[in-house]
Each structure stands twice: as structure tokens, then as C-alpha cells.
Q: 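Take this structure first; my questions come after.
Atoms within each ligand, like the ligands themselves, are counted from 1 in listed order. Computation of the quantities below employed the complete heavy-atom set of this structure, encompassing side-chain atoms and omitting hydrogens, waters and symmetry-equivalent molecules.
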Amino acid sequence: RILLTTVFDQYRETVKGVAITVQDITREVELNEAKSQFISNVSHELRTPLFNIKSFIETLHEYGEELTEEERCEFLETANRETDRLTRLVNDVLDLSRLESCKRYHFEAVDVSQPIEQTLRTYQLNARDKGIELSHEIEPDLPAVVGNYDLLLQVFANLVGNALKFTESGGKVAIRAYVLQSQFRLKSVALQNQPRTVRIEISDTGIGIDQEDQEAIFDRFFRVENRVHTLEGTGLGLSIVRNIIEKHYSAVHLVSEVGVGTTFWFDLAVFQEAASLLGSLPAVD
Ligand code: ADP
């Protein structure tokens with residue numbers, strides 16, 4: 001963007017010259033484009049279940065009498081499933097937009113074993129129903145990390161939910177948490193010298209993700225085209241995960257092999273060391 005500004009000489013009341021300001025607005029344009037793309041995707045995604053629900057209601061209304069009891073039940077069940085899908089979509093869109101607009105989250109010392117155990121309690125039944133072994137391994141005396149409990153709970157729920165969704169009966173899903181004594185560098189400059197982090201891994205023995213899709217799966221609404229595609233999902237789960245982990249000054253990584261399984265992992269700063277390094281609790285701005 002180029003701005004031209006006239007500069008006046010206030011004593012002589014004449015024009016002294018013209019100032020030219022050149023601004024790089026690539027990022028601004030990109031953000032606007034991403035936003036319009038997102039809105040158009042959301043509208044499209046919302047329209048599909050709405051259209052289905054309306055069609056089922058109309059058919060039931062107009063031809064209900066001619067349908068068998070079984071057919072009527074099937075129609076109602078499908079409409080109900082579509083309503084659930086719509087609810088999930090709206091919730092995910094709201095979560096994502098809240099994450100993107102809320103600049104400040106409360107960070108505190110979080111014992112990660114708690115959100116992990118809460119996630120396991122939530123998903124244990126689902127895993128048993130699917131015939132998948134869901135386990136966890138948390139290093140004893142794991143130090144607390146810098147985190148936001150609710151956001152971390154959402155990360156675990158999304159990653160474990162996906163792992164179960166994309167793993168077949170007889171498979172395994174495991175969560176691991178351990179201290180990493182390494183030179184791993186977190187994104188934030190303020191935390192770069194921090195010596196220890198807690199590494200979290202969520203692994204499955206599921207269908208795996210092709211190398212060429214491994215970056216795109218974090219994009220909003222991206223879902224790998226495969227036979228599992230019809231399973232419930234919004235394509236927003238991993239965008240939410242990435243956003244949350246970035247708010248924790250970190251990044252999500254994955255290793256995956258088709259037909260073998262996938263491991264998502266990320267590191268979180270150890271609270272005690274990060275807090276003393278910064279002199280106070282870190283805040284996102
Ligand atoms: P969805 O609601 O479709 O699960 P996500 O953003 O959570 O959306 O995931 C995007 C896509 O990434 C999924 O549709 C799936 O194709 C792929 N994916 C995510 N997690 C896994 C996994 N553990 N194993 C295999 N594929 C996965």
C-alpha cells in the first residue's frame with residue numbers, strides 16, 4: 001500500500017512537499033483472504049446438514065403416511081445424527097473463533113496427569129465399545145507445566161478422539177507424558193534457555209496419514225479423503241489443537257506411517273523453571 005501525504009509549511013502556508021509511505025500489507029491481505037475463505041467454508045459446511053435435516057422433515061411431513069414405521073424411524077435417526085453434526089460444527093467454529101479473538105488466557109501451573117486422566121475417563125467407554133486398548137503412561141513426579149487447564153483438556157479430547165476414530169478394533173491408543181532433559185527450544189524467545197520441558201505423546205495404531213497430507217490436516221476443514229471420511233468430524237479439531245498449543249508457546253508435531261499408526265507430540269514448559277525465568281506467569285499478547 002502506498003500512501004501519499006502532503007506536507008504543509010505552516011509559516012509560509014505553502015506546500016513543502018509530498019511524503020510517500022510504503023507499507024507492506026501482504027499479511028493483512030492474506031488474513032482477510034483467509035477470513036473470507038473460512039466464512040465461505042463455514043457456510044458451506046453448515047448448509048449440508050441443514051439441507052439434509054430439512055429434506056428429511058419435508059419427506060416425513062409429505063409422505064409420512066406412506067412410509068413404514070421402520071422407514072420413519074430411520075429418517076428420524078438420520079435427521080438426529082445430522083443435528084448432532086450441526087451442533088459439533090457450531091461448537092468447533094465458536095471454539096476456534098474464541099481462540100482467535102481472545103488474546104489473553106489465564107496460565108497457571110497444571111499437573112498434566114489431571115486433564116489426561118479426565119480424558120481417559122471420558123473416552124474409556126468409547127474405546128471399549130470399539131475394541132481399542134486405551135492406556136496412559138505418566139512419569140512419576142512429573143513437574144507441573146505452564147498451561148491453561150481447559151484448553152489442554154480440549155487438546156487431549158481432540159487428539160484422543162481422533163486416535164480412536166481412525167483406529168480399528170484390536171488397535172491401541174496411548175498417551176505418554178515425561179520430562180525431556182534436552183536443549184529443545186520453545187518458540188518464545190523468553191523461554192529459549194529453558195532447560196526442561198514435559199513431552200506429551202498421543203499415539204495410535206490406526207490408519208496413519210500420508211506424508212503429503214501431514215501439514216494440510218492442520219488446516220481448517222481439511223479431512224483426508226478415505227473411507228473413514230464419513231465418520232463424524234468437522235475438520236476443525238486439529239486447527240483448534242494447533243492454535244491452543246501455539247498459545248502455550250509451543251508447536252504440535254506428528255510422525256505417521258500409513259497402515260501403521262500416528263503419534264502427535266508437543267512439549268510444554270515446566271512451570272517452576274519458566275516462571276522463575278520470566279519472573280512472573282507468562283501471558284499471551
Ligand atoms: P476431523 O473432525 O475430521 O477429525 P481434524 O482437524 O481433527 O478433523 O482432523 C483432520 C483430518 O486429519 C481427519 O479428517 C483425518 O483425515 C486426519 N487425522 C487426524 N487425526 C488422525 C489420526 N490419529 N489418524 C489418522 N488420520 C487422522
Q: Please work out which of Phe218, Phe166, Phe221, Phe264 has its closest non-hydrogen atom nearest to atom 24 (N) of ligand 1.
A: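 The nearest heavy atom belongs to Phe166.
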
Q: Counting each atom of ligand 1 from 1 as listed, which ones have a heavy atom of Phe222 under 4.0 Å away?
A: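 So the answer, numbered in order with elements, is 10 (C), 11 (C).
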
Q: So if I count the atoms of ligand 1 from 1 in the order they appear, which ones are less than 4.0 Å from some heavy atom of Thr234?
A: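 The list of qualifying atoms is 1 (P), 2 (O).
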
Q: Out of Ile209, Leu254, Asp219, who gets a non-hydrogen atom closest to atom 26 (N) of ligand 1?
A: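 Considering heavy atoms of Ile209, Leu254, Asp219, the nearest to atom 26 (N) of ligand 1 sits in Ile209.
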
Q: Does the side chain of Lys247 come under 3.5 Å of the side chain of Asn243 through a donor N or O and an acceptor N or O?
A: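 A donor-acceptor contact under 3.5 Å links the two side chains.
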
Q: According to the interplanar angle, ranging from 0 to 90°, do the rings of Phe75 and Phe56 count as parallel (below 30°), tilted (30 to 60°) or perpendicular (above 60°)?
A: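 Perpendicular: the ring planes of Phe75 and Phe56 meet at over 60°.
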
Q: Using 4.0 Å as the upper bound for N to carboxylate O, is an ion pair formed by Asp95 and Arg98?
A: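 Judged by the 4.0 Å cut-off on N to carboxylate O distance, Arg98 and Asp95 do form a salt bridge.
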
Q: Distance under 4.0 Å to a non-hydrogen atom of Thr262: what atoms of ligand 1 satisfy this?
A: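 Here the atoms of ligand 1 in question are 24 (N).
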
Q: Checking the N or O distance criterion of under 3.5 Å, is ligand 1 in contact with Ser239?
A: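 Looking only at distances, the answer is no, because the N/O contact criterion of under 3.5 Å is not met.
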
Q: Give the atom numbers and elements of ligand 1 that come within less than 4.0 Å of a heavy atom of Lys165.
A: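 Near Lys165, meaning under 4.0 Å from one of its heavy atoms, ligand 1 has 1 (P), 2 (O), 4 (O).
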
Q: Only pairs at least two apart or in different chains count here, so list each salt bridge (Lys or Arg N to Asp or Glu O under 4.0 Å) that has a residue in residues 42-57.
A: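 Qualifying pairs, neighbours excluded: Lys54-Glu58.
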
Q: If we count only N and O atoms by modelled type, under 3.5 Å, do the side chains of Asp92 and Thr234 hold a donor and an acceptor together?
A: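 A donor-acceptor contact under 3.5 Å links the two side chains.
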
Q: Residues in salt bridge (Lys or Arg N to Asp or Glu O under 4.0 Å) with Arg72, at least two apart?
A: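 Glu69.
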
Q: Heavy atoms only: which of Asn158, Val160, Asp204, Asn162 lies closest to atom 23 (N) of ligand 1?
A: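 Selected option, by shortest heavy-atom distance: Asp204.
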
Q: Please tell me whether Leu3 and Ile25 are part of a single hydrophobic cluster in this structure, the criterion being side-chain heavy atoms less than 4.5 Å apart.
A: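 No, no single cluster joins them.
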
Q: Please list, in number order, the atoms of ligand 1 under 4.0 Å from a heavy atom of Gly208.
A: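 So the atoms of ligand 1 that pass are 25 (C).
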
Q: I'd like to check which ligand 1 atoms, numbered from 1 as shown, lie under 4.0 Å from a non-hydrogen atom of Gly235.
A: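 Taking each heavy atom of Gly235 in turn, ligand 1 has 1 (P), 2 (O), 3 (O), 6 (O), 8 (O) under 4.0 Å.
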
Q: Would you check if there is a donor-acceptor pair between the side chains of Gln118 and Tyr149 at a distance under 3.5 Å?
A: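 Yes - a donor-acceptor pair under 3.5 Å links their side chains.
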
Q: Can you figure out which of Val224, Leu236, Leu238 has its heavy atom closest to atom 9 (O) of ligand 1?
A: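 Minimum heavy-atom distance to atom 9 (O) of ligand 1 goes to Leu238.
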
Q: Has ligand 1 got any nitrogen or oxygen that is less than 3.5 angstrom from a nitrogen or oxygen of Ile207?
A: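 There is no such contact.
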
